[in-house]
Amino acid sequence: MTSVSPILVDRLLAISRALAGHTNPGEAFRATAVEIGQLIPHDHMDVAVLMQEGASHACYEAGYHTSWSSLAEQPLPTSRSPVRAVLWGDVPYLLAGDAVADPRFHFDGALDGPIFSAELRSRIVVPLRARGEIVGALNISRHDRDCYCHEDVDVAQQCADFIAPYIFALLQANEAQRAMLAEAEARNREELLRVGASRLTEGMERERRRMAMDLHDQTLADLARVARQISALRSQGVARTAQLADLEAEVVSCLTELRHIVDDMRPSVLELFGFRDAVEAHLNRSVSRAKPPIAVGIADNSDGSADDLPETTRTALYRIAQEAINNAVRHAGAGRIEVHIGSTSSELLVAVIDDGRGCDPPGAVASGGVGHMRTRAALIGARLEIGRAGRKGGTRVEIAIARNAGNDEAAPVPAQSAEAGL
């Protein structure tokens with residue numbers, strides 16, 4: 001710096017004190033605005049900072065905010081900045097007596113709306129430099145015309161030179177922190193997928209063993225009994241009508257059991273008729289043998305939103321609802337089970353509600369059916385909530401998932417049943 005006045009030195013020291021302790025670039029900049037205002041009176045001040053190696057730019061404002069503030073969260077191409085000439089190093093600075101009418105700030109695609117709406121007429125734009133490169137621009141404005149001169153430009157540049165390294169360091173630190181968080185989230189998601197896949201594999205192995213036992217203890221035993229009956233009829237040489245009816249009933253029972261097992265392994269109703277009908281079919285089938293009988297109801301106000309989900313996501317959602325229904329039938333002692341399907345502009349909601357004995361919200365670590373539901377929900381990015389249905393008891397299981405879930409990131413979820421009990 002050259003010819004620095006004592007007043008300027010005092011102001012720079014005040015700016016230094018104002019910067020101290022801030023870790024956010026926007027807050028650090030705003031803390032300097034009052035002190036810079038003692039040197040260069042202004043109605044509006046902002047700093048444009050380059051991102052992504054200069055391809056885009058963000059903006060932080062002091063005082064009242066304009067639409068430029070949105071650039072702090074959503075940087076846009078530098079080519080659209082009204083001060084791109086300074087950001088690109090094409091000119092050493094910009095000094096405007098009336099920026100509203102100055103063509104240097106206005107071109108096709110320029111983000112120049114605030115210049116008009118906030119009446120930013122008198123403007124000084126000077127570059128921010130760090131490590132010998134332009135990293136942004138300091139923009140100082142007033143509503144009135146012709147408020148600034150070249151001496152003000154010199155002062156603004158000295159202020160910019162003073163704050164630029166600090167602002168640049170904060171930007172670099174924030175960028176590093178965001179990168180670390182993104183990496184940590186990626187690692188956590190990878191670990192979640194690994195653990196989730198492992199848990200689902202263990203659950204499916206238990207399901208295979210359960211189905212093998214069902215086939216051995218129920219269906220194969222029934223078929224063996226049918227075979228013995230046929231052998232006995234053959235040895236008798238003649239079969240009465242009643243005997244044939246009993247035999248037919250046994251065969252039908254075996255077919256029904258096999259159909260249930262096959263449906264559990266491959267949800268054909270879901271594939272052929274959609275989510276709502278598949279849930280209703282499973283609901284009716286689950287309570288068909290309940291003693292005492294369980295009443296059921298299903299309401300769908302989602303306009304078929306579930307069927308717009310990718311197949312693997314929809315199947316996982318069906319399995320969660322299936323598990324919730326199974327738990328209600330087996331463990332709740334319910335007289336009625338209802339399924340509500342609804343949607344908002346952003347989410348699909350599925351709730352399984354019973355009027356049974358109720359349950360306490362499960363802990364962070366849950367096993368069995370609840371564990372399977374949580375794992376499936378986590379794998380498809382759904383929110384799962386389990387709690388009491390109301391003051392009189394009962395249980396409510398609610399699944400919420402983004403309507404665009406799974407379009408990019410959904411992990412394939414095996415379609416085998418996860419009917420292990422709680």
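Given the structure is predicted, the values throughout are model-derived calculations rather than measurements.
Residue pairs meeting the side-chain hydrogen bond (donor to acceptor under 3.5 Å, both in side chains) criterion with at least one member in residues 80-96, sequence neighbours excluded, are Tyr93-His150. Sorted by first and then second residue, the side-chain hydrogen bond (donor to acceptor under 3.5 Å, both in side chains) pairs with a member in residues 45-57 read Asp46-Asn139, Gln52-Ser56; sequence neighbours excluded. Listed by first and then second residue, the side-chain hydrogen bond (donor to acceptor under 3.5 Å, both in side chains) pairs involving residues 341-351 are Glu347-Arg383 (not counting sequence neighbours).
In this structure, SG in Cys159 is found 10.0 Å from CD1 in Ile124, a value given to the nearest 0.5 Å. Summarising the geometry, atom OG1 belonging to Thr313 is positioned 6.0 Å from atom CD1 belonging to Ile380; distances are rounded to the nearest 0.5 Å. Rounding to the nearest 0.5 Å gives a distance of 8.5 Å between CD of Gln74 and CG of Leu71. If you take NE2 on His282 and CD on Gln322, they are separated by 4.0 Å, rounding to the nearest 0.5 Å. Here the CD atom belonging to Glu61 is positioned 7.5 Å from the OG atom belonging to Ser67, to the nearest 0.5 angstrom. The distance from the CG atom of Leu95 to the CZ atom of Arg104 is 7.5 Å, given to the nearest 0.5 Å.
Legend: residues meeting ring pair (Phe, Tyr, Trp, His ring centres under 6.0 Å) with Phe107, ordered by chain and number and at least two apart, are absent. Residues meeting the side-chain hydrogen bond (donor to acceptor under 3.5 Å, both in side chains) test with Arg121, sequence neighbours left out: Asp98. Among residues two or more places apart in sequence or in another chain, the side-chain hydrogen bond (donor to acceptor under 3.5 Å, both in side chains) test is passed with His42 by none.
Put simply, the side chain of His106 gets close to the backbone of Val100: a donor and an acceptor are under 3.5 Å apart. Between the side chain of His143 and the backbone N or O of Ala118, at least one donor-acceptor pair lies under 3.5 Å. With hydrogens and angles ignored, the 3.5 Å screen pairs a side-chain donor or acceptor of Ser288 with a backbone N or O of Arg285. A donor-acceptor pair under 3.5 Å is formed between the side chain of Thr78 and the backbone N or O of Gly54. In this structure a side-chain-to-backbone donor-acceptor pair under 3.5 Å is present from Asp152 to Cys149. Side chain of Asp144 to backbone of Ser122: no donor-acceptor contact under 3.5 angstrom is found.
Inspection of the His340 and Asn301 side chains reveals no N or O donor paired with an N or O acceptor under 3.5 Å. A donor and an acceptor atom, one from each side chain of Gln157 and Asp161, are located under 3.5 Å apart.
Leu111 and Pro82 get closest at one heavy-atom pair: O-CG, 3.2 Å. Scanning both residues, Ala48 and Leu87, for their nearest heavy atoms gives O-CD2, 4.2 Å. Of all heavy-atom pairs spanning Arg403 and Ser305, the tightest one is NH2-OG, 3.1 Å. Residue Ala402 comes nearest to Leu309 through the heavy atom pair O-CD2, 3.9 Å, listed as atom of the first residue, atom of the second, then distance. For the residue pair Gly274 and Asp307, the shortest heavy atom distance occurs at CA-OD1, 3.4 Å. Considering all non-hydrogen atoms of both residues, Ala306 and Arg314 come closest at O-CD, 3.5 Å.
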(message) I'd like to know whether Arg123 forms a side chain to side chain contact (heavy atoms under 4.5 Å, CB included) with Ile115, so could you lay out the CA-CA distance, the side-chain angles of the two residues, the decisive distance to 0.1 Å, and finally the verdict.
(response) CA-CA 10 Å; Arg123 299 205 82 197; Ile115 295 177; 4.0 Å; yes
(request) Output, in order, the C-alpha distance, side-chain angles, deciding distance and verdict of side chain to side chain contact (heavy atoms under 4.5 Å, CB included) for Leu384 and Val397. (result) CA-CA 7 Å; Leu384 177 68; Val397 178; 3.8 Å; yes
(message) I'd like to know whether His331 forms a side chain to side chain contact (heavy atoms under 4.5 Å, CB included) with Thr395, so could you lay out the CA-CA distance, the side-chain angles of the two residues, the decisive distance to 0.1 Å, and finally the verdict.
(response) CA-CA 11 Å; His331 309 295; Thr395 301; over 6 Å; no
(message) Run Glu280 and Val296 through side chain to side chain contact (heavy atoms under 4.5 Å, CB included) and show every step you take.
(response) CA-CA 9 Å; Glu280 183 177 29; Val296 298; over 6 Å; no
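Side-chain contact between Ile325 and Val279 is present, with heavy atoms from C-beta onward closer than 4.5 Å. Side-chain contact between Leu138 and Met45 is present, with heavy atoms from C-beta onward closer than 4.5 Å. Counting only heavy atoms from C-beta outward, the side chains of Leu348 and Ile341 approach each other to under 4.5 Å. In this structure, Met373 and Ile386 have side chains that are in contact, with non-hydrogen atoms separated by less than 4.5 Å. Between Val86 and Val91 there is a side-chain heavy-atom pair separated by less than 4.5 Å. By the 4.5 Å heavy-atom criterion applied to side chains, Asp300 and Ile298 are not counted as neighbours. In this structure, the side chains of Phe105 and Leu120 stay at 4.5 Å or more apart for every pair of heavy atoms.
Residue-environment remark: CD (Glu311) stays at or below the threshold of 12 foreign heavy atoms within 6.0 Å. Around CD of Glu385, the count of heavy atoms belonging to other residues, nucleotides or ligands within 6.0 Å exceeds 12. In the displayed structure, Asn284 atom CG is contacted under 6.0 Å by more than 12 heavy atoms of other residues, nucleotides or ligands.
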